[in-house]
Amino acid sequence: MDKYDFNGIEKKWQKYWEENKTFHAEIDKSKPKFYALVEFPYPSGQGLHAGHPRPYTAMDIIARKRRMQGYNVLFPMGWDAFGLPTENFAIKNKIHPKKVTEDNVRKFTEQCKSFGWSFDWEREIDTTDPNYYKWTQWLFLQFFKRGLAYKKEMAVNWCMECKVVLANEEVVNGTCERCNGEVVRKVKSQWMLKITEFAQELIDGLEDVDYPDRIVYSQINWIGKSTGAEVDFKTNAGETLRVYTTRPDTLFGSTYMVIAPEHSYVEKWASQLKNIDEIREYAAKAARKSDFERSEIAKEKSGVKLDGVSAINPTTSKEIPIFVSDYVLTGYGTGAIMAVPGHDQRDWEFAKKFDLPIIEVVVGHDAHGVPSDITKEAFVLDTDEGTMVNSGFLDGLGVPEAKAKISQWLAENKLGEKKTNYKLRDWVFSRQRYWGEPIPVVWCDSCNKWVAVPESELPLMLPEVENYMPTDTGESPLSTLESFINTTCPDCGAPAKRETDTMPQWAGSSWYYLRYADPHNDKEFVSNEALEYWLPVDWYNGGMEHTTLHLLYSRFWHKFLFGIDKVNTPEPYLKRTAHGMILGEDGEKMSKSRGNTVDPNILVADTGADSVRLYEMFIGDFEKTATWNTQGIKGCKRFLDRVWALSEMLKDGDEYSEKLAGSLHRTIKKVGEDIEELKFNTAIAAMMAFVNEVYSAGEINRAELKTLLVLLSPFAPHLASEMFEAFGFGLVHEQEWADFDPELCTFDEVEIVLQVNGKIKDRITVESGADKNTLLAAAKANEAISGAISGKEIVKEIVVTDKLVNIVVK
RNA sequence: GCCGCUGUGGUGGAAUCGGCAGACACAAGGGACUUAAAAUCCCUCGCUGGCAACAGCGUAACGGUUCAAGUCCGUUCAGCGGCACCA
């Protein structure tokens with residue numbers, strides 16, 4: 001059999017597409033638009049790895065199909081090029097990060113083009129390009145001007161290895177997400193973005209978009225909304241101590257209180273505390289620990305009782321002790337809790353250890369019907385079913401009623417109020433590194449405040465420096481560059497100093513989908529016209545690892561921009577899907593150190609881009625993790641060779657032949673539907689099955705081949721384009737997507753399973769759509785059936801049209 | 001610990017609403033072609049027994065619902081991902 005010259009064909013068509021700008025999109029109001037987006041890559045020195053082609057090919061298939069369905073498709077690509085690896089590589093090899101980025105981008109571009117993805121290269125963007133980061137800076141200033149970017153002294157996560165501040169989201173098990181280096185706590189002044197202001201909107205918006213449940217859950221969990229109340233407890237030190245609780249109904253059961261070791265009252269009360277030294281020592285110990293260590297040793301509760309200050313439970317008027325303990329966090333709620341050991345497992349453990357009273361105030365049973373027993377463990381409600389006891393005026397009420405009544409009582413007595421809390425923290429937005437967008441603000445001593453760099457002076461260029469090594473003091477490399485730092489105040493003209501921190505890598509990727517709509521605009525970050533036509537993104541596919549952070553951050557920016565009328569939709573992405581990771585052949589995550597990485601470009605050189613594209617889609621369920629197997633590509637290559645060789649059995653014909661029409665219509669239906677559901681693997685299987693059928697038939701006509709090539713073209717565009725042209729059908733990307741007739745998808749004859757008592761006895765072939773009586777009669781006429789039921793009593797007869805007959809006998 | 005997901009041949013994986021388990025591939029075995037090999041084409045391919053027709057078993061384990069369960073329900077086990085003292 002003739003094999004096709006994939007090398008020549010692929011180069012030919014890539015050149016054609018590039019020269020003709022085939023996939024370049026312009027606003028065209030006569031056509032419906034479709035904006036397909038993939039996560040733009042970080043151009044690392046290693047080039048593309050086996051994981052990249054999976055999502056890109058998937059969206060390419062969808063984009064190509066949409067074009068054939070008459071949509072004006074925007075399918076852009078760019079580079080998320082700021083970031084630590086480039087900077088570290090630059091330091092190690094003494095090459096400027098700009099040069100490193102340029103080299104890497106060149107390599108990535110070339111590799112992307114060799115896969116034949118139908119990106120609009122006219123819209124390529126690069127987050128490190130001043131023409132791009134000008135607008136990232138401009139966007140930061142919009143936050144700043146509205147008080148949503150602010151500077152704050154805070155304990156931050158400091159990576160000892162990278163010498164950089166990390167967002168909470170970037171700390172994994174107490175180590176740096178990127179380098180696995182140790183992370184410690186350090187107090188620094190940091191730029192923050194007020195994402196918390198949008199917490200509720202970020203939850204509500206999820207109802208208007210089409211995201212898979214697992215992504216919705218992860219967003220909601222990350223935001224972590226809870227409702228409850230804040231309650232004031234009087235203390236004998238004078239101050240009232242305010243706590244946050246989700247269970248105000250259990251107030252009668254609160255037998256002690258706990259404040260975080262960092263709580264400001266510790267020092268406020270210092271003179272009244274007889275054991276202040278012991279408390280300070282405990283607090284110092286807690287502060288030294290990273291969050292990770294703190295939770296590591298937290299299996300055993302620890303704490304110190306305040307000797308000299310106590311509180312009064314407002315419901316029982318009983319005096320209760322106050323403790324410091326690191327199981328109470330300073331950053332959540334008020335940094336103080338009322339402990340209800342009967343109904344909170346952490347409080348219960350603490351009470352056991354310090355021998356504190358445990359009072360039962362709710363009785364009920366758990367989801368399995370086991371009655372509550374607070375001598376064994378705290379009774380925490382997993383349903384709303386519980387009855388109040390030992391709770392004065394709440395006795396006998398159900399929990400929801402008790403919550404309402406106590407809230408009212410607290411309000412009437414001015415002891416507290418309802419309160420909603422979120423786990424979400426504001427976003428730490430500064431990094432003490434070189435390779436990022438400079439934050440465009442200056443500190444003016446005479447104004448005594450941070451002043452925005454005027455928008456007319458943007459971009460604030462990242463200066464060329466000799467040495468971009470991070471400093472051990474935790475200051476940015478820019479901090480040593482006098483010519484950069486020293487400036488004048490835009491407000492008053494007095495000498496002022498520039499901010500030397502840069503933005504995190506998330507900044508550029510938080511709005512890139514907007515820039516793609518209008519990438520060369522030097523007046524605005526995006527024009528209204530482009531926004532109105534292209535936005536929102538219709539379908540955004542990316543990795544599961546970006547479904548909390550990147551997705552949340554970019555939704556936050558978008559909601560902010562919507563609020564100030566800079567974008568026209570409340571959500572940026574209508575539909576989001578996530579692909580599974582590709583593991584190495586050993587079933588482990590691909591990594592250089594394991595030596596199990598796969599270079600897709602070598603495979604492209606060996607078997608052609610179309611084969612690799614096909615294999616990446618055939619490997620398994622797109623949304624699940626898949627294990628790489630280089631052997632598997634062979635099957636896909638073989639299939640394409642078989643398609644190529646169909647020319648040897650080609651016959652004339654303008655209409656589908658009787659022999660193949662049915663299965664071709666079914667294949668059209670299956671491939672079309674499967675693409676929409678991301679079931680690329682079964683779509684390919686369907687095309688393989690059709691080709692196998694053609695081989696059995698020994699012939700295919702021109703009309704049939706043409707349709708097959710249309711179906712195959714999004715998957716293997718080079719081969720399909722070449723054959724399409726060779727047989728005089730024209731340009732496949734200008735073809736309309738194939739239609740099917742639902743009536744022709746059905747079979748004339750179907751095989752019916754004959755069962756007795758659910759056991760298969762025989763199979764018969766009957767006309768499709770035969771009615772139940774006919775089927776039953778045919779079944780009873782069957783020898784195997786009549787033999788099995790003779791002399792027995794028929795209890796039940798089940799007939800499923802086109803499927804089976806089951807006769808139940810006794 | 002909590003939340004989410006997954007468990008099917010030697011392997012990757014298929015299987016709308018519960019209705020023939022194993023589509024489509026890889027690997028393996030056999031045959032044709034060839035001086036030979038590769039490639040290609042054709043056949044076999046869940047397990048057990050049988051020359052065979054065929055019979056029995058089989059979707060992590062156990063139990064349940066049903067005429068019928070990979071699919072629904074319960075319990076358990078294993079693996080993966082996320083969160084992890086959030087009051």
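Treat the numbers as computed from the prediction; the structure is a model and nothing was measured.
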Minimum-distance nucleotide to [X] side chain [options: [options]]:
X	options	result
A:Ala689	B:G19, B:C24, B:A87	B:C24
A:Met688	B:C26, B:A87, B:A25	B:A25
A:Arg214	B:G4, B:A87, B:C26	B:G4
A:Gln631	B:C26, B:A87, B:C20	B:C26
A:Tyr217	B:C24, B:G4, B:A21	B:G4
A:Tyr327	B:A27, B:C67, B:C85	B:C85

Could you identify the nucleotide paired to [N], looking across every strand shown and requiring Watson-Crick or G-U wobble geometry with both distances under 3.5 Å?
N	result
B:U59	none
B:U40	B:A32
B:C72	B:G64
B:A53	none
B:A25	B:U11
B:C5	B:G79

Can you measure [X] atom [atom1] to [N] atom [atom2] for me and round it to whole angstrom units?
X	N	atom1	atom2	answer
A:Asp621	B:G7	CG	C1'	14 Å
A:Trp628	B:A25	CH2	P	19 Å
A:Leu241	B:A87	CG	C1'	13 Å
A:Leu754	B:A68	CG	C1'	15 Å
A:Glu545	B:C83	CD	P	12 Å
A:Lys679	B:G13	NZ	C1'	13 Å
A:Phe618	B:C26	CZ	P	8 Å
A:Tyr695	B:C24	OH	C1'	16 Å

Please measure how far the [atom1] atom in [N] lies from the corresponding atom in [M], and state the result in whole Å.
N	M	atom1	answer
B:C83	B:C72	P	28 Å
B:A78	B:A61	P	15 Å
B:G31	B:A14	C1'	29 Å
B:U59	B:A21	C1'	7 Å
B:C67	B:U76	C1'	29 Å
B:A53	B:C20	P	23 Å
B:C42	B:C33	P	16 Å
B:U6	B:U16	P	14 Å

Can you see if the side chain of [X] gets near the phosphate of [N] - specifically, an N or O under 4.0 Å from OP1 or OP2?
X	N	answer
A:Lys637	B:U40	no
A:Tyr332	B:A87	yes
A:Asn629	B:U11	no
A:Arg638	B:C26	yes
A:Lys670	B:A23	no
A:Asn692	B:A25	yes
A:Thr682	B:C24	no
A:Lys803	B:G19	no

Practice problem: Can you measure from NE2 (A:His665) to CD (A:Glu743) and round to the nearest 0.5 angstrom? | Solution: 11.0 Å
Identify whether any heavy atom of [X] sits under 4.0 Å from a base atom; if not, whether one sits that close to sugar-phosphate; answer base, sugar-phosphate or nothing.
X	value
A:Leu804	base
A:Ser218	nothing
A:Gln755	base
A:Ile798	base
A:Thr627	nothing
A:Ser226	sugar-phosphate
A:Asn681	sugar-phosphate

Looking only at side chains, do [X] and [Y] share a donor and an acceptor under 3.5 Å apart?
X	Y	value
A:Asn629	A:Tyr615	no
A:Ser663	A:Glu693	yes
A:Gln219	A:Tyr211	no

Quiz item: Checking A:Arg242 against A:Phe233: charged group under 6.0 Å from the ring centre and within 45 degrees of the axis?
Solution: no
Practice problem: Validate the cation-pi geometry between A:Lys301 and A:Tyr327: distance from NZ or CZ to the six-membered ring centre under 6.0 Å, angle to the ring axis within 45°. | Solution: yes
Quiz item: For B:G9, does the O4'-C1'-N9-C4 (purine) or O4'-C1'-N1-C2 (pyrimidine) torsion place it in syn, i.e. within 90° of 0, or in anti?
Solution: syn
Practice problem: Would you mind calling B:C17 syn or anti? Take O4'-C1'-N9-C4 for purines or O4'-C1'-N1-C2 for pyrimidines, and syn is within 90° of 0. | Solution: syn
Quiz item: Between A:Thr245 and A:Val800, who's closer to the 5' end of RNA chain B by nearest nucleotide?
Solution: A:Val800
Practice problem: Find which nucleotide of RNA chain B each of A:Phe622 and A:Phe639 is nearest to by heavy atoms, and output the residue with the more 5' nucleotide. | Solution: A:Phe622
Side chain [X], main chain [Y], donor-acceptor under 3.5 Å:
X	Y	result
A:Glu699	A:Met649	no
A:Asp249	A:Ala402	no
A:Thr255	A:Pro357	yes

Quiz prompt | Carboxylate-amine/guanidinium contact A:Glu797 A:Lys780, below 4.0 Å | solution = yes
